[in-house]
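Nothing here was measured: the structure is a model prediction, and the numbers come from that model. The figures here come from the full heavy-atom set of this structure, side chains too, leaving out hydrogens, waters and symmetry mates.
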Amino acid sequence: QVQLVESGGGLVQAGDSLRLSCAVSGRAFSRYFMGWFRQAPGKEREFVAAISRSATSTYYTDSVKGRFTISRDNANNTVFLQMNSLKPEDTAVYYCGADTTIYYSGHYDSAREYDYWGQGTQVTVAS
């Protein structure tokens, strides 16, 4: 029973930056493992980044390493995705997901591990 709302998407030029935000409802946000996924037209939803409850561990897909940074503000129930040096291939709908279970599965890069999802925010990078 958790609601997630993404924001911050838009149309930018290659090389520009965007910061996505995901606001999460409830009083147990600090207990959730959080992830960002994206889905381009005609493709499966793919893993982008994930962050542990205490933010001591972060994970990234190879294509965004060195360009994207995931972070969280547990006091304000928000997770962020800072995206720098954007490329046209980053164009997709970006989704925020929450894993509310108390155990660690080790499959942070699988969309099936997340219990709740936002409705997504569109990121379009023009060349």
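- When side chains are defined from C-beta on, Tyr95 counts as touching Gln39, because their heavy atoms get closer than 4.5 Å.
- Separating the CG atom in Asp16 from the OG atom in Ser85 is a distance of 9.5 Å, to the nearest 0.5 Å.
- Each of Val93 and Val48 belongs to its own hydrophobic cluster when Ile, Leu, Val, Met, Phe, Trp and Tyr are linked at side-chain heavy-atom distances under 4.5 angstrom.
- Tyr116 places a side-chain heavy atom less than 4.5 Å from the side chain of Thr100.
- Side-chain contact between Met83 and Asp90: absent, with no pair of heavy atoms (C-beta onward) separated by less than 4.5 Å.
- One hydrophobic cluster holds both Leu4 and Tyr94 under the rule that ILVMFWY side chains link at heavy-atom gaps under 4.5 Å.
- When all heavy atoms of Ser52 and Thr56 are compared, the pair lying nearest together is OG-N, 3.3 Å.
- Ring planes of Tyr114 and Phe37: perpendicular class, angle over 60° (limits at 30 and 60°).
- At a threshold of 4.5 Å between non-hydrogen side-chain atoms, the residues Trp117 and Arg45 count as touching.
- Thr121 and Glu6 share no side-chain donor-acceptor pair at under 3.5 Å.
- Thr69 OG1 to Leu81 CG: the interatomic distance, rounded to the nearest 0.5 Å, is 8.0 Å.
- A search for salt bridge (Lys or Arg N to Asp or Glu O under 4.0 Å) contacts involving Arg31 returns nothing, not counting sequence neighbours.
- The CZ atom of Phe68 lies 9.5 Å from the OG atom of Ser17; values are rounded to the nearest 0.5 Å.
- Contact check for Phe80 versus Cys22: no side-chain heavy atoms found under the 4.5 Å cut-off.
- Rounding to the nearest 0.5 Å places CZ of Arg53 at 8.0 Å from CG of Asp99.
- Note on ring orientation: taking the six-membered ring where Trp is involved, the planes of Tyr32 and Phe29 are perpendicular (angle over 60°, cut-offs 30° and 60°).
- For the pair Thr78 (side chain) and Asn76 (backbone), a donor-acceptor distance under 3.5 Å is present.
- Linking Ile, Leu, Val, Met, Phe, Trp and Tyr residues whenever their side-chain heavy atoms come within less than 4.5 Å places Val125 and Leu20 in a single cluster.
- Shown here are the salt bridge (Lys or Arg N to Asp or Glu O under 4.0 Å) partners of Lys65, two or more places apart in sequence or in another chain: Asp62.
- Put simply, Val2 and Tyr108 are part of two different groups of oily side chains (I, L, V, M, F, W, Y) that touch within less than 4.5 Å, one to the next.
- With rounding to the nearest 0.5 angstrom, the CH2 atom of Trp36 is 5.0 Å from the SG atom of Cys96.
- Using a 4.5 Å cut-off between side-chain heavy atoms of Ile, Leu, Val, Met, Phe, Trp and Tyr, with links allowed through other members, Val64 and Met34 fall into the same hydrophobic cluster.
- Rounded to the nearest 0.5 Å, atoms CG (Asp109) and OG1 (Thr61) are 8.0 Å apart.
- Taking all atoms of both residues into account, the shortest heavy-atom contact from Ala92 to Gln122 is O-NE2, 3.4 Å.
- Remark: the backbone N or O of His107 is not paired with any side-chain donor or acceptor of Glu113 at under 3.5 angstrom.
- The shortest non-hydrogen separation linking Ala14 to Ser127 is CB-CA, 4.4 Å.
- Not a single salt bridge (Lys or Arg N to Asp or Glu O under 4.0 Å) links Glu89 to another residue, sequence neighbours left out.
- When side chains are defined from C-beta on, Glu46 counts as touching Arg38, because their heavy atoms get closer than 4.5 Å.
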